[in-house]
Amino acid sequence: MSCELRSGLRSAAAFDRLVLPSANLMGRDVWGVLSIRGAQEEEPPDAQLMRLDNMLLAEGVSGPEKGGGSAAAAAAAAASGGAGADNSAEHSDYRAKLSQIRQIYHTELEKYEQACNEFTTHVMNLLREQSRTRPISPKEIERMVSIIHRKFSSIQMQLKQSTCEAVMILRSRFLDARRKRRNFNKQATEILNEYFYSHLSNPYPSEEAKEELAKKCSITVSQVSNWFGNKRIRYKKNIGKFQEEANMYAARTAVNAASVSAHGSQANSPSTPNSAGGQIYTHVSQPCGNHTLCHST
DNA sequence: TACTATGATTAATT
DNA sequence: AATTAATCATAGTA
């Protein structure tokens with residue numbers, strides 16, 4: 001199910017330029033409109049227009065200047081699953097692109113509005129001229145104006161639709177974080193490895209520890225969790241392969257541990273880095289001492 | 001290009 | 001809710 005979706009996204013990789021379909025909608029036969037009798041058949045899906053408006057508003061494209069954007073992005077991330085709830089690096093990228101879209105949208109919208117006004121006054125002038133040669137009822141003028149406005153608002157809707165599309169594409173790309181996976185920098189990996197190997201007998205950092213690591217590595221807490229999850233399983237699967245690494249970090253942190261003992265003044269006892277020279281991490285879960293099976297009740 | 005390393009995601013498990 | 005195990009998709013490399 002998600003495979004189809006993903007493969008779809010994969011192939012739709014041409015999103016390097018998030019260009020809205022150009023504003024040449026204006027070039028369409030605006031002039032011909034006036035001669036068209038049945039301007040009524042401009043399918044008037046107010047519902048759809050509302051939907052578009054709502055979405056643009058929700059995504060922070062049509063809302064107030066700034067501030068709505070991040071909220072919308074957070075909402076979007078949360079809606080997707082919540083795993084990528086707090087990315088700041090990617091977030092800024094997302095926001096930058098979103099504001100790009102937003103800017104285009106606003107410029108275009110303004111252009112349309114201006115064109116609409118210009119066109120209206122132009123037609124009015126024409127009518128006024130004609131009124132010298134033939135009588136023109138106010139009703140007719142009204143009708144003309146309403147036709148013009150209807151036409152322009154339909155063009156506006158297309159703009160809104162295109163913008164929505166662009167936002168959707170941007171969002172799906174943003175959400176599929178695997179696409180632009182980056183390796184952590186050397187320093188971050190060092191820090192993580194250092195922690196891992198110095199807590200080899202129980203490589204499960206607490207929430208606070210994760211936060212600290214995240215800060216040190218300039219990555220998110222969920223990334224820290226991911227890293228430890230991956231590391232644990234991969235280490236366990238092939239301890240031999242990691243032996244070298246383990247020794248290296250064990251030696252390194254042994255030196256470190258001598259000088260650095262406690263830098264924060266937490267009430268809690270620090271994690272007491274057990275120097276696990278060659279210790280093999282074996283799932284230290286001893287919930288109920290003697291019992292092999294610990295059924296609740 | 002094929003292979004490995006690695007970060008992210010997902011379903012299952014507890 | 002946190003973790004495991006499997007898997008995906010890309011980055012880095014031979």
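Order of the sequence lines fixes the chain letters, A, B, ..., with proteins taken first and strands second; residue numbering starts at 1 for each chain.
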Protein-nucleic acid N or O pairs under 3.5 Å, nucleotides 3-6 of chain B:
residue: B:dA5; atom: OP2; partner: A:Lys241; partner atom: NZ; Å: 3.2
residue: B:dT6; atom: O2; partner: A:Arg181; partner atom: NE; Å: 3.4
residue: B:dT6; atom: O2; partner: A:Arg181; partner atom: NH1; Å: 2.9
residue: B:dT6; atom: O2; partner: A:Arg181; partner atom: NH2; Å: 3.3

### Query
Taking only residues two or more places apart in sequence, or in another chain, which ones meet A:Arg234 in a side chain to side chain contact (heavy atoms under 4.5 Å, CB included)?
A:Asn230, A:Phe242
#### Entry: 5' priority, DNA chain C, between A:Pro205 and A:Lys237 [closest heavy atom]
A:Pro205
### Query
Taking the six-membered ring for Trp, is the centroid-to-centroid distance between A:Tyr249 and A:Phe196 below 6.0 Å?
no
### Task
Round to the nearest Å and state the distance from A:Asn230 atom CG to C:dA2 atom C1'.
15 Å
### Task
Could I get the full list of side chain to side chain contact (heavy atoms under 4.5 Å, CB included) partners for A:Lys241, not counting sequence neighbours?
A:Asn238
### Query
Could you give all pairs that pass the salt bridge (charged side-chain N to carboxylate O under 4.0 Å, His left out) test and reach residues 118-132 of chain A, with sequence neighbours left out?
none
### Query
Could you give the CD-to-C1' distance, from A:Glu208 to C:dA2, as a whole number of Å?
16 Å
### Message
Under the rule for side-chain hydrogen bond (donor to acceptor under 3.5 Å, both in side chains), what residues qualify as partners of A:Ser62, not counting sequence neighbours?
### Response
none
### Query
Which of these nucleotides, B:dT9, C:dA5, C:dA6, is closest to any side-chain atom of A:Lys236?
C:dA5
### Integer-rounded Å distance: C:dA5 P and A:Tyr235 OH
15 Å
### Query
Who passes salt bridge (Lys or Arg N to Asp or Glu O under 4.0 Å) against A:Glu140, sequence neighbours left out?
A:Arg134
Would you tabulate the pairs of protein nitrogen or oxygen atoms and nucleotide nitrogen or oxygen atoms of nucleotides 12-14 of chain B closer than 3.5 angstrom?
none

### Query
Between atom CG in A:Asn226 and atom P in C:dT4, what is the gap in whole Å?
12 Å
### Query
What residues form a salt bridge (Lys or Arg N to Asp or Glu O under 4.0 Å) with A:Lys210, not counting sequence neighbours?
none
### Query
Under 4.0 Å between a side-chain N or O of A:Gln223 and OP1 or OP2 of B:dG7?
no
### Task
Please list, chain by chain and in numerical order, all residues satisfying salt bridge (Lys or Arg N to Asp or Glu O under 4.0 Å) with A:Glu190, sequence neighbours excluded.
A:Arg252
